[in-house]
Structure formats: structure tokens, C-alpha cells
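Numbered from 1 within each chain, the chains take letters A, B, ... in sequence-line order.
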Amino acid sequence: MKYKSTLLLAALVLLLVGVYAGHPVRSSDTSAASFSPGIPRTWDSTALATVMLPLVDTSVTVRPLSEEAYYGLPERVIYKSYPLYAPGYMPAGYFDSLRQREPEIAFVPATIETGGDWIRAGELVFDAPHAFITVDSLVEHVSFPMVAREIWRQVGMPLTEDGIMPFFRLVVREKGKVEIGRFACGMCHTRVQEDGTLIKGAQGNYPFDRERALLEPMLLRFQQGLNPDEAIGQDQRVLFGAPWITHASQAWLDSLTVEQFVSAALAIPPGVLARHGAHLLHPIRIPDLRGVKDRRYLDATGLMRHRSIGDLMRYAAFNENADLLTRFDDFIPALGRHEGPLPPLDSLGFDRFTDAQLFALARYLYSLEPLPNPHRYDEATLARGTHVFIEEGCVTCHTPPFFTNNELTPVDGFTPPEDHFETFDLFDLSMETDPSLALYTRRGTGYYKIPGLRGLWYREALLHDGSLTTLEELFDPRRLEEDFVPSGFKGAGVEARAVPGHPFGLELSDEDKAALIAYLKAL
Amino acid sequence: MRRILFYCILLIPFTLRAQPRWHVETASITFEIKNAGFPVRGSFEGLEADIRFDPARPGRSTIVASIDASSVRTGIGLRDQHLRGRDYFDVQHHPQIHMDCVRIEKTESDAFTGLFRLQIKEVVQSVTVPFTFAPRGRRGRLEGHFALNRLDFGLGGPSPILADDVLVRLEVGVAQAE
């Protein structure tokens, strides 16, 4: 009875909060009515000037690619793409039938009329790869069957019920040539559940870094005249270099060996990614994009503000190529130390999405809502869980209706400058979690974003680095001990370590803990 | 005229002496605020008070009190740390919360209403505190409560879940000074 009244009260409060809080960004129009949007200019220097949070080290001058250089990049053409099946699942003659197909451009702005059209077009963009390797030979001597046999099987590539690997797409850009397309948004933001169900936009579970750990040394082995250690080190400095940071993890990049690279990359589990701008030693939990329209900051470190759909387009462009071409004083990740004008960027293999493609992508992402948990919990448990959620203070940061207050928390070792309190949305309290990502990487702002909890039931990487994979672990006080064995990211060569910080719910009774977990999984 | 002034000065000590002075033996300073519709309870410690109070002549009483703002406790350590920070009590710059009475009136037997100045951080506001005082020999128990709007004192900002109104309860056991 007590919990029934509690539930009613909580439901009322949470409903009122939902009405009060509103949405920071308007949701998408999914109707079939004609829709003529004003497409924002993605690489708008005025908007870019205020979209990013400052780095921890404010002495570093950050200059994004100029409008002229950005719009001088070749526009990306999005072709029709096809699923890639794992060996053993491929329909007979599949590759041969694709070889007979003519190239077909899939994203055609002139055919987009309604709000629903924009969303469907955005899904094409979401799935559009921009790096291609032929199925016959990735490089000389390295074929698709070889990779599938030696790597994808080893890293446990998730498959849908039909045996599809949804992280890749097959593309015909030239008749007679079938290519495996990689690096679509969907590569990291697609999840295959244990039962083979696909959830697009969710925290992905493509074992990206584990694949890299095995694939990149294999590719290097077949390339003549390369010093593997130097080549690996160079690649990682492009991805993770931040020479102004005087932390050991930056020096580590300078003397990296293939063996160290493999060890570090293998230590990164699915759901976590050594994304460019982060670090192999400080990877990031992949965000769940479902519900992104309601978030005020993008990236685990709140790197970019989300004030409008244009900002989401900017964020997508930044993560495609623009980060690698940003100047940090005289350092440009793609080029290393570099002063003076940029060389021709198309010659370096860079291209860009068009503004219409990015707009469609953002409309698609805005249309993605967290999915309800198919597992049902009993009402009494949920009522008790609601009570615990509020009583333990979770509700203060994970505030309904989005279950985040959309604020940033400073990490240990960073004191927010006075002007940040006026400019940004700060919750001035460190959660005492590991600060490395926020302090020692080029995505480091000194903050972590308070994540939304809707859709928690289909996430496996928790905390900003995915150290933990279950809520049971999160609320287990033993995780504070040095001999704790986290089920998620531990780090290369680490068997056990403490997972400090976010010390909430650690002293709950077993019953309250179970109720809280049920409540969180039902959001 | 000089003679009148002389007698007045002579009378001052007797007037003060007429107000019994009490020292604090026990103190419970608690507060309650609703968060998402549920009450959150907290407390402060470190009450220091100069209480000169005669229930029979409350109009001449003086009460000056302060508490240690950093002693705030709500049962969740990290939340307490947040309350001590700049968003709330900012204890680094404002280590104490002050209260002193402007006037006290008797409303019933053992029941009074005090008008106090309450200072939290840099904000001073008047609060009305109904309280009771139950003497037992040379000891007594003072119990009162008052409400405040946390936004008036810059304690956090507007919130869709945290209420503005805070109920403060005071329970102070006192003993008459020798």
C-alpha cells in the first residue's frame, strides 16, 4: 500500500516535471505532409565559434577548419547498399548477383518531400560507409574470407538472426566490383542483442578495437618497406595525439610498439571505443543515440553544445573528418606539426557529407526514441524502485523526463573557471570517477556529461569508460576495492582494479537494490 | 539631566541581570525539503548561541546564534558535498549561518513568536519563528520552526523537482548559566 501511494505520487511528480522541463530541441516531423525545411549551414563560422567547450588547457588555440576549406572538400555520394552476411549465411550466388548490379545513387535530395522522407533519407546516411575495401582483396593477400575466418570469428562479431553483420554494408560503386563499406555512423551505433534483434542508434556492440588489434597488424604484415612499430605509432598519433598534454599516455604514443597497440586495443570491449580524440588507454563508452534530441551536450565530455539541429549536424561533421583537420596551435591531427596553409585535402582522401545529408541524418537521429523494455516488472517492485530512486538522490542528476538534468560535472583535478558558470550548465560536483578521458585527451573539457538513463536496459557499457557492464556491479560496494574485477573495460594487462566514483546506492539492502535496478531497466 | 543619565547607567547592569542567560546543552537543527515529491531530511551541527531569555519578560530578550554551514548532512555524502559548494551554502566563503532576534512576543503560556534576522551567505532576511520554551528548574527546552524559500538565499536555482520551501526545526536543550 505504501509503495502504491508512493508510485502514484512519484508518477504525478514525474509527469509534472515532464511538462515543466520541455524538450530542448523540437522532435521530428514524421508526417507525410510536404515539408520544406530550412537546412542550416553546417560549417558556419559564427555557430562554430561558440559550439565547442574549451579544452582543459585554455592556452591552446583551437581553430576548426575554415568554411572555405570545409566546403572545398569533395561531397560524398551515397550509393545504395546491401547487407553483408557472415560466411555460412550468405545466400548462394549473392556476391555474383551484386556484381551484375549497376551503381545506384540512393540519396537524392530532389526526391525528398515529406518529413518522413527526410527521416528515411537520414537512415541511408546513417548506414552510408565512407571507406571501402573489395571483397576479393582488402589489400594484397588479405581477402574477405580470410578476415572473416581469422578475425571476425575471433572477436565474436555479433550477427542478426539472418547472419547479417549490420556494422558493414556492401556497396556497388562500379559495376562488377562489390566493396565492403566501413565507417558508417551505424558501425558504432548499431547494436545486435543476444537474440539477434537489431537496435539502430543504440550503444553499438561492434568489437571495433578488438578487430583493429587483429586486423591492423595483419595488414601491416603484407605491406613491404614499412616499419610496423612506426606505422602503428603514426596512426595512433593521428587518432589520439594531443602533444600539448604532458601526461604519460601521450608520451606512450611516441614509443608505441605493435605489441603494445594490440594489447591496449584488445582490452577495449564492445560498447566502448578508442574514438579519435580520445585515447587507446582512455576509451569512451559509445553513447546511445536514441533520445539524443533531448540532450544539451554531445560527447561524454560534453565537448559540443547541442542548441539546435544545426549543432548536431556540426557534431556529425566534426566526428567524420573535421576533428582530424582541426588546428590545435600548430598541431593538426591528420598532419602532425604543421604551420602554414593546408595541403589539398581531397588529395589526402578527405571528403564531407553535404548539408542536406547531415540534415537528413540529424532528422533521423531525432526520430529515434529509446525502446521500451520488453521485460515487464511487477508494479510493487517498480513502486519501490521509484521510491529508492528519489530517496537516494538519483533524481537530482537523472531528472525526468529525460533522466538527465543535462548538466556537466567537473572531474577531479579540474576547477571550472568562473565564466563557465555563466556560459554552461554545470552541476558543480565531481562524481570522483576516473578523470583521464576528461583531462588527458583532446576531447578533454574537464567535465563529464550526466547521461540520460532511458534505454538503459539495452546498454552494456556503463560509466564514461564502460568499466562496468551491469547495474548490479554499479551498486556493489566491492567495486571500490583494488582487487575488484570489473566486467567491462579494465585496461591493458590489468586483471583487477577499483572502479571509483559515483558512490550512490552502494549501501542499499538487497531488496531495495533489486527494486532500483528494475526501475532503471524499465525506463 | 546629568543625574538622570547617571541613574540610567547604574540601572543597566540590573536590567541585563534580569535576563537569565542560558547555555546550549543539546541541539538539533534539522530541515526538510521535498525532492520529486518526497521529503529529504537533513541536519546541521555546531550551534553556538548567546541566549538571554526570560519567559516572563520576553520583550527584553536577546538571542544570537550561529551554526557551522559545513556540518550539513543529508545521509548522502556526495550530496552533502554539493550542498557545501558554491551552488548552495558556499561554505568556503560563508562558513557560518547566523541568526539573531529582533523581538520576541509571548503568544500563550510557554509559547512565543520571535522575529529573527537570518543570514545565509550574503543574504539577510527576516523570519518569524514560533517557538515554545518549557523550563524545568534551571534547565529548559526551546522548540521552534520556520519556513524559508531557498531561492531567496541563493541556495540552488529553480528546479523542476526540488521544492523551493524548506522547513527548519530547532530543538535546543539549555541550562541556565551560573
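Interatomic distance, CG of A/L429 versus CZ of B/R86, reported as 13.5 Å (0.5 Å rounding). Here B/I161 contributes atom CD1 and A/I390 contributes atom CD1; the two are 8.5 Å apart, rounded to the nearest 0.5 Å.
Both the backbone and the side chain of B/L78 come within contact range of chain A, with heavy atoms under 4.5 Å apart. In this structure, chain B has heavy atoms under 4.5 Å from both the backbone and the side chain of A/T396. Proximity to chain B (any heavy atom under 4.5 Å) is restricted, for A/E391, to the backbone atoms N, CA, C and O.
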Test side chain to side chain contact (heavy atoms under 4.5 Å, CB included) on A/F504 and B/R79 and set out the steps.
CA-CA 10 Å; A/F504 301 101; B/R79 176 162 67 192; 5.5 Å; no
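Near-neighbour residues of residues 408-420 of chain A relative to chain B, defined by a heavy atom under 4.5 Å from a heavy atom of that chain, comprise A/E418.
For B/R139, the CZ atom sits in a loose shell: 12 or fewer heavy atoms of surrounding residues, nucleotides or ligands are nearer than 6.0 Å. Within 6.0 Å of the CD atom in B/Q125, the count of heavy atoms belonging to other residues, nucleotides or ligands exceeds 12. Heavy-atom neighbours of B/E48 CD from other residues, nucleotides or ligands within 6.0 Å: at or below the threshold of 12. Other residues, nucleotides and ligands place more than 12 heavy atoms under 6.0 Å from the CD atom of B/E25. For B/K34, the NZ atom sits in a loose shell: 12 or fewer heavy atoms of surrounding residues, nucleotides or ligands are nearer than 6.0 Å.
Between B/H82 and A/F427, the ring planes are tilted. Angles from 30° to 60° get that label.
Across all their heavy atoms, B/P160 and A/T399 have their closest contact at CG-CG2, 4.4 Å.
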